[in-house]
Amino acid sequence: MTANPGLIANVIQKMHKRKSKSFERLQFAPNYQKSKRFLLLWNNNLTESNKRLVQQFIQELLQDGKEVTRMIFFDVKKKEETPLVPESNTFHTGKWDFDRLKFPKDDGLKNLLRKDYDFVISLDTENNWYLLGMAGIAKSACRFGLTTTAQHNQTGVFDILLKQDTANPDLNLYLCDVKATLKKLG
């Protein structure tokens with residue numbers, strides 16, 4: 001996203017904030033030690049080194065006894081263009097699952113996002129509208145997101161918004177910030 005989003009981006013941003021507030025939220029304070037269910041969202045276009053960082057983070061969560069659901073977005077229009085899902089609790093989604101405002105329209109995807117999660121963590125460093133739409137309707141006690149000085153305001157979508165003062169965010173630094181914040185939460 002650019003530093004000065006256009007009219008369409010502003011409209012989508014306002015719709016995301018309004019629509020995100022209309023969905024039911026879990027009503028308890030998040031605590032990392034007592035938490036069980038995590039939903040991680042990311043775009044498939046990550047570099048190999050970033051994919052390894054994400055896998056390492058998932059392994060750390062699993063070692064802590066957490067149940068991790070992975071939602072990977074593919075920037076394709078047809079479902080047939082995504083690879084088969086090789087792992088359990090891993091789901092692939094693409095543009096076919098979303099409406100014009102980049103919110104999920106597929107009932108299966110909506111049901112998956114509406115499960116009770118303790119934490120939803122967006123691993124998106126590019127401010128992808130589709131991932132923002134999924135994070136916006138996900139039912140959780142706490143949603144993590146990343147923003148930079150060059151991205152639009154996402155305060156209506158995320159509960160904890162970690163900021164990096166750079167135009168090209170670093171996923172490794174973001175994951176370190178997420179881990180530190182989770183540890184502070186219990």
Side-chain angles (χ1 to χ4, degrees), residues 1-26 37-47 50-51 54 68-85 87 89-117 119-164 167-169 171 174 178:
M1 294 273 123
T2 61
N4 186 8
L7 177 63
I8 294 173
N10 284 334
V11 169
I12 292 175
Q13 178 183 349
K14 289 184 189 311
M15 292 301 294
H16 272 250
K17 285 181 182 179
R18 191 176 73 192
K19 202 165 187 178
S20 295
K21 290 178 184 177
S22 69
F23 285 92
E24 177 186 351
R25 301 291 301 272
L26 294 179
R37 301 186 71 203
F38 282 71
L39 174 64
L40 302 181
L41 308 168
W42 73 87
N43 198 329
N44 184 56
N45 67 357
L46 292 177
T47 63
N50 282 346
K51 286 180 183 179
V54 170
V68 179
T69 302
R70 298 170 280 266
M71 182 71 63
I72 305 168
F73 175 77
F74 289 83
D75 196 11
V76 294
K77 292 184 180 180
K78 295 181 183 175
K79 191 172 192 172
E80 296 78 30
E81 296 177 37
T82 60
L84 296 175
V85 180
E87 301 177 64
N89 288 337
T90 301
F91 301 92
H92 294 178
T93 185
K95 291 180 180 179
W96 67 88
D97 286 324
F98 296 85
D99 62 16
R100 295 182 309 207
L101 296 174
K102 317 294 193 264
F103 270 98
K105 68 178 179 181
D106 179 67
D107 289 334
L109 178 58
K110 284 182 186 177
N111 290 337
L112 183 65
L113 294 169
R114 299 306 299 152
K115 289 183 179 180
D116 292 346
Y117 295 103
F119 290 94
V120 172
I121 302 173
S122 174
L123 301 176
D124 178 30
T125 59
E126 298 175 356
N127 225 8
N128 184 311
W129 287 112
Y130 298 99
L131 294 172
L132 286 171
M134 286 192 286
I137 71 164
K139 187 176 179 184
S140 71
C142 185
R143 301 177 199 159
F144 276 83
L146 172 69
T147 189
T148 67
T149 54
Q151 295 174 338
H152 59 270
N153 187 354
Q154 306 165 3
T155 55
V157 176
F158 296 107
D159 302 310
I160 298 176
L161 197 55
L162 302 172
K163 185 174 182 177
Q164 289 186 12
N168 297 316
L171 184 63
Y174 174 58
V178 168

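What you see is a predicted model, and the numbers here were worked out from it, not measured in a lab.
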> With sequence neighbours excluded, what pairs up with N89 under the side-chain hydrogen bond (donor to acceptor under 3.5 Å, both in side chains) test?
Replying inline: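 For N89, no residue satisfies side-chain hydrogen bond (donor to acceptor under 3.5 Å, both in side chains) once neighbours in sequence are set aside.
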
>> Restricting to side-chain hydrogen bond (donor to acceptor under 3.5 Å, both in side chains), what partner residues turn up for D97, sequence neighbours left out?
In response: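 Here the qualifying residues are T93.
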
Measure the spacing between [atom1] of [X] and [atom2] of [Y] and express it to the nearest 0.5 Å.
X    : Y    : atom1 : atom2 : value
D159 : C142 : CG    : SG    : 5.0 Å
S140 : F158 : OG    : CZ    : 10.0 Å
L101 : W129 : CG    : CH2   : 10.0 Å
N111 : D106 : CG    : CG    : 8.5 Å
R143 : M134 : CZ    : CE    : 13.0 Å
L123 : R70  : CG    : CZ    : 11.5 Å

>> Going by the rule salt bridge (Lys or Arg N to Asp or Glu O under 4.0 Å), which residues pair with D75 if we only count those two or more places apart in sequence or in a different chain?
In response: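 Residues passing salt bridge (Lys or Arg N to Asp or Glu O under 4.0 Å) with D75: K95.
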
> Got a sec, which residues hit salt bridge (Lys or Arg N to Asp or Glu O under 4.0 Å) with K79, two or more places apart in sequence or on another chain?
Replying inline: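 In terms of salt bridge (Lys or Arg N to Asp or Glu O under 4.0 Å), with neighbours along the sequence ignored, K79 is linked to no residue.
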
>> If you compare all heavy atoms of L41 against all heavy atoms of V120, which two are closest, and at what distance to 0.1 Å?
In response: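 Smallest interatomic distance, heavy atoms only, reads CD1-CG1, 3.9 Å.
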
>> How close do V178 and F144 get, counting heavy atoms only, and between which atoms?
In response: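 Minimum heavy-atom contact is CG2-CD2, 4.2 Å.
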
> Can you list the residues that meet the ring-ring contact (aromatic ring centres under 6.0 Å, His included) rule with F98, with sequence neighbours excluded?
Replying inline: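 For F98, the residues satisfying ring-ring contact (aromatic ring centres under 6.0 Å, His included) (neighbours in sequence not counted) are F73, Y130.
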
>> Less than 6.0 angstrom from the centroid, inside 45 degrees of the normal: does R37 satisfy that with respect to the ring of Y117?
In response: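 R37 over Y117 ring: yes.
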
>> Working note: L112 + M71, criterion side chain to side chain contact (heavy atoms under 4.5 Å, CB included); need CA distance, chi angles, decisive distance, verdict.
In response: CA-CA 10 Å; L112 183 65; M71 182 71 63; 2.9 Å; yes

> Side chains of T69 and K115: closer than 4.5 Å at any heavy-atom pair?
Replying inline: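 No. Closest side-chain heavy atoms not under 4.5 Å.
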
> Do T125 and W42 come close enough that some side-chain heavy atom pair is under 4.5 Å?
Replying inline: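 Result no, sub-4.5 Å side-chain heavy-atom pair not found.
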
>> Set out, in order, the CA-CA distance, both residues' side-chain angles and the distance that settles side chain to side chain contact (heavy atoms under 4.5 Å, CB included) for E126 and N45, then state yes or no.
In response: CA-CA 10 Å; E126 298 175 356; N45 67 357; 3.3 Å; yes

> Mind checking what makes side chain to side chain contact (heavy atoms under 4.5 Å, CB included) contact with K110, not counting sequence neighbours?
Replying inline: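 If we apply the side chain to side chain contact (heavy atoms under 4.5 Å, CB included) test to K110, skipping adjacent residues, the hits are P104, D107, I137.
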
> Taking only residues two or more places apart in sequence or in another chain, which ones pass side chain to side chain contact (heavy atoms under 4.5 Å, CB included) with N50?
Replying inline: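 Checked N50 against side chain to side chain contact (heavy atoms under 4.5 Å, CB included); matches are L46, T47, L53, L171.
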
